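Okay, so here's the structure we're looking at.
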Amino acid sequence: MDNATDILRRTLIAAAAAFVANGALAQGFTGKLTATGGVSTVEGAGGGGLTPWALITGYGTDRQIGGNAHYTAVRTNDYALATGGVALGLFDRVELSAAKQRFDTRDVLIPISPALKGYKLEQDTFGLKVRLVGDAIYDQDRPLPQIAFGLQHKRNRDDTVIPFLNSALGGGIRTRGTDFYLSATKLYLEPGILANGTLRFTKANQYGLLGFGGPDGDRYRPEFEFSLAYLVRPDLAVGVEGRTKRGRLANPALNLREQMAYDVFLAWFPSKHTSLTLAYVDLGQIVGALTNDRRQRGWYASLQAGF
Amino acid sequence: MPLSLPPLPWRSVPAAMLAALLVVAATPTLHAQPGQPPLDEAALAPYGGYRGLGMMTERFVERVTKNPRIGHFFKDVEADRLAALLTEQFCAVLGGGCRYTGKSMREAHEGMKVRQADFNALAEDLQAAMTEAGYPQWAQRRLVARLAPMQREIVE
Ligand code: HEM
């Protein structure tokens with residue numbers, strides 16, 4: 001819990017810094033339509049909760065800088081995840097992000113060693129996103145979506161679980177990896193629908209929390225992600241997301257099989273500076289043998305503040 | 001989605017409905033201006049008809065001219081003329097049957113150095129004016145969606 005509090009504290013400091021910067025920029029600021037700033041993913045990029053969108057985070061226009069800080073908490077049957085991060089949108093063209101994840105294994109690892117009660121896997125993610133073509137907001141008369149290219153460099157700081165898996169499975173799991181993705185986002189303003197598809201090339205096992213690659217190889221594999229949202233009101237969106245996950249780790253004794261992750265979310269934008277997202281998530285199995293082979297279902301809450 | 005009407009005491013609702021029916025039945029098709037094609041009343045109904053659209057647009061122009069961010073663009077502009085042209089244009093893009101008689105968007109805004117943020121500020125004023133007029137969300141989104149692509153001709 002101390003760790004989570006620490007992330008929260010740092011996130012709040014970042015948010016405060018964002019507000020100060022906002023004051024300085026207030027003269028030149030009038031942003032995009034509310035809600036088109038999106039929310040923050042668990043990996044820090046702007047988008048839905050699970051998957052990045054082609055939109056550049058924040059409400060900055062082509063001549064402005066936008067940015068935000070977020071804190072996200074996820075609690076499933078057997079695990080808890082806390083993520084804090086900051087993101088900067090530059091001239092509605094480039095997005096930079098940094099996020100820290102703390103994945104609390106709670107009681108899951110006790111059968112391996114009682115000392116691992118409450119063990120937390122930590123991972124840092126640095127993201128870059130560049131808008132390539134299209135404009136999701138203004139291109140209402142064209143079929144072309146807004147398309148962006150992104151990368152996420154992840155550094156897993158774990159020194160316990162990944163070495164254990166390497167010795168159990170025969171090595172090959174790395175602690176660092178870089179995902180590449182293409183996202184296409186289309187906003188249908190008239191019916192109030194936002195659709196996003198993301199093609200990700202990754203080596204990650206469970207988002208990288210269980211490292212990258214494995215004994216069977218170190219090749220990139222494609223994964224597909226989608227978001228579909230409906231704008232109920234200008235300040236309220238509901239939607240679903242899905243994300244395929246086919247990590248390569250295989251071990252009959254541990255059951256490391258991954259499954260597709262889903263969520264159903266409600267995002268509320270009380271102002272252009274804040275958003276609150278609540279979701280019901282199903283992350284699929286995570287180390288099934290130690291968690292009764294059940295899918296990890298639970299709640300997701302995320303608070304974002306920015307300018 | 002229902003049109004927002006001013007709240008009525010429930011007893012007077014049937015009477016008001018009857019009155020509305022009579023008015024609708026008795027009103028001949030309104031013309032925007034002489035020389036304009038006939039209006040498509042159904043397309044304009046969510047906007048309070050051509051008259052309602054015109055009133056909303058006047059309030060919108062008022063907001064824009066008072067907006068500290070973009071008001072200066074309009075200081076030498078004749079508000080009534082602008083509101084009339086905008087009403088025509090809104091009616092046309094909504095499929096209301098009007099013919100827009102003003103300049104093209106590129107011509108009208110050339111050299112003004114309108115920026116993205118100015119455009120968005122104006123769009124926000126429009127949304128505020130539509131909310132004030134009681135337009136339903138979907139009707140607001142329809143007009144905004146049809147104007148959004150003009151950004152390419154207006155913003156430098
Ligand atoms: C979707 C957005 C917009 C639409 C639909 C629109 C539409 C129009 C129309 C129909 C006219 C009259 C053209 C004529 O005189 O024949 C006009 C003029 C004008 N617009 Fe816009 N406009 C938009 C955005 C803007 C913005 C963002 C600004 C500046 C902040 C702006 C500033 C002006 C000014 C100053 C005039 C008067 C020009 C003159 O009388 O010479 N407009 N606009």
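Values reported hereafter were calculated over all heavy atoms of this structure, with side chains retained and with hydrogens, waters and symmetry mates removed. Note that the structure is predicted; figures quoted are calculated from it, not measured.
The two residues B/Ala145 and A/Gln140 come nearest to each other via the heavy atoms O-CB, 3.3 Å.
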Test log, rule side chain to side chain contact (heavy atoms under 4.5 Å, CB included), inputs B/Gln116 and A/Tyr138: CA-CA 11 Å; B/Gln116 188 70 76; A/Tyr138 302 113; 2.5 Å; yes
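Both the backbone and the side chain of B/Arg142 have a heavy atom closer than 4.5 Å to some heavy atom of chain A.
Distance check, rounded to the nearest 0.5 Å: OH of A/Tyr188 to CZ of B/Arg141 gives 14.5 Å. The distance from atom CZ of A/Arg63 to atom CZ of B/Arg115, rounded to the nearest 0.5 Å, is 4.0 Å. Between the CZ atom in B/Phe119 and the CD1 atom in A/Ile137 there is a gap of 10.5 Å [rounded to 0.5 Å].
Close approach to chain A, defined as a heavy atom under 4.5 Å from one of its heavy atoms, is seen in B/Pro149, B/Gln151, B/Arg152, B/Glu156 of residues 149-156 of chain B, taken by number.
Applying the salt bridge (charged side-chain N to carboxylate O under 4.0 Å, His left out) test to A/Arg243 and every residue at least two apart in sequence or in another chain returns A/Glu43, A/Glu225. A search for side chain to side chain donor-acceptor pair (under 3.5 Å) contacts involving A/Asp124 returns A/Lys100, A/Arg157, not counting sequence neighbours. With sequence neighbours excluded, no residue forms a side chain to side chain donor-acceptor pair (under 3.5 Å) with B/Thr65.
Counting heavy atoms of neighbouring residues, nucleotides and ligands inside a 6.0 Å radius, atom CZ of B/Arg146 exceeds 12 of them.
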